[in-house]
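Position 1 is the first residue of the sequence, and the numbers go up from there. Computed from heavy atoms alone, side chains included, the values below leave out hydrogens, waters and symmetry copies.
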Amino acid sequence: MRVVSISVNGLAQAIDRGFFDWLADQDADVVCVQDHRMRVYEFDDPRYVPEGYEAYFIDGEETEYGGVGIYTRHFPKAIIYGFANEIADREGRFIQADFDKVSVACVLAPCALGREEELIGENDLTVLDHKDDFMEGFGLHMQKTLRKRRQFIFCANLQTAHHVTDTSPRYHKLDVSGFLPHERAWLDRLFDEMGCIDAFREINKEGDQFTWWPEWAEGWRKHAGWRTDYQLTTPGIRKTIDDAWIDEETRFSDHAPIIVDYDIEIGF
């Protein structure tokens, strides 16, 4: 089973830049798309669905929240919209497809980079607080999920890099969201305490492996990036991870696709 995860900064513009042409060569079973910035009803138009795939998408109350979705070549047993977190579900940040032997979810965390102290909402909530609240809620969901006997893959743009090897050195001393100590500590708990698996790092231990290059960063072609995109799995999947890579040469947005091959039969 091949799973592709990509944050597109708007699906329509990604398609115009050749996303579906690229996808036709990938032989992917499941494609998770974050930050599509569309309305669900628009996917009734076949131009937004690649040939041979079914589309399952969720949007937010405001398109600026991004929304997430799943393209799949295999009919799922069930589709789950949201993870019982009121704010995140209203913003369209989680969707899950249950197949016979595995579930695949698509997740998009809020981005606070450069807007950390900006106030939002009616309760003087900052953008960083909003992101932290999401991460806390998603962490609780992951705790419950990791106790289940069923196996899961979460394709997630978490808007956060984990280790210094996951960011360019130019960002190590910046006091910005995406690499703050408490954000990295959240990932420590996810991997070290909960036992979640970072599928890419099971295969590739090298530094300078990035999935995102901020548009404002100079020299992004020279590895001035972050690895903020993940395929997170339950421990039972660890031994099925055959290969994992980042297609750094592909550009449909300021994120690169992350692709993982699993020794799992997805069908019935």
Side-chain angles (χ1 to χ4, degrees), residues 5 7 32 34-35 65-66 68 82-96 105-118 120-121 123 125-148 152-169 171-202 204-205 207 209-212 214 225-235 237-238 244 246 255 258 260:
S5 181
S7 197
C32 291
Q34 300 96 27
D35 198 16
Y65 294 137
V68 295
F83 64 101
N85 181 290
E86 180 186 356
I87 296 176
D89 295 350
R90 283 195 283 108
E91 294 179 352
R93 298 194 177 278
F94 182 98
I95 189 171
Q96 177 179 305
C106 188
V107 186
L108 175 64
C111 181
L113 179 62
R115 302 174 56 201
E116 291 84 357
E117 301 303 319
E118 182 180 327
I120 59 174
N123 300 315
L125 191 73
T126 68
V127 176
L128 182 58
D129 291 336
H130 178 57
K131 179 185 177 182
D132 290 344
D133 287 350
F134 171 87
M135 300 302 272
E136 180 180 357
F138 182 57
L140 292 173
H141 178 73
M142 291 296 288
Q143 277 186 315
K144 297 175 183 177
T145 299
L146 290 163
R147 296 192 191 109
K148 297 180 179 179
F152 291 81
I153 299 168
F154 295 87
C155 295
N157 175 1
L158 295 179
Q159 313 280 10
T160 304
H162 190 196
H163 295 301
V164 292
T165 52
D166 296 318
T167 63
S168 169
Y171 303 116
H172 292 172
K173 295 183 180 180
L174 294 182
D175 186 26
V176 294
S177 177
F179 204 60
L180 294 173
H182 76 275
E183 295 175 320
R184 298 171 62 198
W186 184 93
L187 287 168
D188 287 339
R189 292 192 295 273
L190 181 68
F191 297 125
D192 300 337
E193 298 178 18
M194 299 185 203
C196 188
I197 305 302
D198 182 344
F200 177 77
R201 279 303 185 208
E202 284 296 303
N204 191 316
K205 309 294 186 182
Q209 303 295 303
F210 307 132
T211 61
W212 178 57
W226 312 49
R227 189 174 69 94
T228 61
D229 302 86
Y230 301 82
Q231 291 197 28
L232 310 170
T233 80
T234 44
I237 287 182
R238 169 180 268 156
I246 299 165
H255 288 257
I258 179 170
V260 182

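Between H255 and W212, the ring planes are parallel. Angles under 30° get that label, and only those over 60° would be called perpendicular. Between F138 and F154, the two ring planes are perpendicular [angle over 60°; tilted spans 30° to 60°].
Each of T228, T211, N157 was compared with S7 under the side chain to side chain donor-acceptor pair (under 3.5 Å) criterion, and only N157 meets it.
Nearest heavy-atom pair, P235 versus G195, reported as atom, atom and distance to 0.1 Å: CG-O, 3.3 Å. Residues F210 and R227 share a closest heavy-atom pair of CD2-N, 4.0 Å. The minimum heavy-atom distance between L113 and S177, with the atom names listed, is CD1-O, 3.3 Å. Here the shortest heavy-atom pairing between R201 and K205 reads O-NZ, 2.6 Å. Listed here is the closest heavy atom pair of A156 and Q34: N-NE2, 4.2 Å. The heavy-atom pair separating C196 from F191 by the smallest distance is O-CD2, 3.3 Å.
Interatomic distance, F152 CZ to M142 CE, rounded to the nearest 0.5 Å: 9.5 Å. Atoms CG and CD, from L128 and E183 in turn, are 6.0 Å apart once rounded to the nearest 0.5 Å. For the atom pair CD1 of I237 and CD of E202, the computed distance is 11.5 Å after rounding to the nearest 0.5 Å. Separation of atoms CD1 (I153) and OG1 (T234) is listed at 7.5 Å; rounding is to 0.5 Å. One finds the CG atom of N204 at 7.0 Å from the CD1 atom of I246 (value rounded to the nearest 0.5 Å). In this structure, CE on M194 lies 11.0 Å from CG on L232, to the nearest 0.5 angstrom.
A donor-acceptor contact shorter than 3.5 Å links the side chain of Q231 to the backbone of I258. For the pair R184 (side chain) and F179 (backbone), a donor-acceptor distance under 3.5 Å is absent. At distances below 3.5 Å, not a single donor-acceptor pair connects side-chain atoms of E136 with backbone N or O atoms of D132. Side-chain N or O atoms of Q159 include one that pairs as donor or acceptor with a backbone N or O of A109 at under 3.5 Å. Although no hydrogens or angles enter the test, the distance criterion places no donor-acceptor pair under 3.5 Å between the side chain of D89 and the main chain of F94. Using a distance-only test at 3.5 Å, with no hydrogens or angles considered, no donor-acceptor pair links the side chain of W226 to the main chain of G178. In this structure, E118 contributes its side chain and E116 its backbone to no donor-acceptor pair below 3.5 Å. The closest donor-acceptor contact from the side chain of D166 to the backbone of H163 lies under 3.5 Å.
Around the NZ atom of K144, the shell of radius 6.0 Å holds no more than 12 heavy atoms that belong to other residues, nucleotides or ligands. The neighbour count for D192 CG, taken as heavy atoms of other residues, nucleotides or ligands under 6.0 Å away, is above 12.
The six-membered or imidazole ring of Y230 lies away from that of H162, with a centre-to-centre distance of 6.0 Å or more.
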Applying side-chain contact (heavy atoms from CB on, under 4.5 Å) to T233 and V260, what does each step give before you reach the verdict? CA-CA 11 Å; T233 80; V260 182; over 6 Å; no
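At a cut-off of 3.5 Å, with distance as the only test, no side-chain donor of Q209 or T165 sits close to an acceptor on the other residue.
Under the 4.5 Å side-chain criterion, counting only non-hydrogen atoms from C-beta, H130 is in contact with E91.
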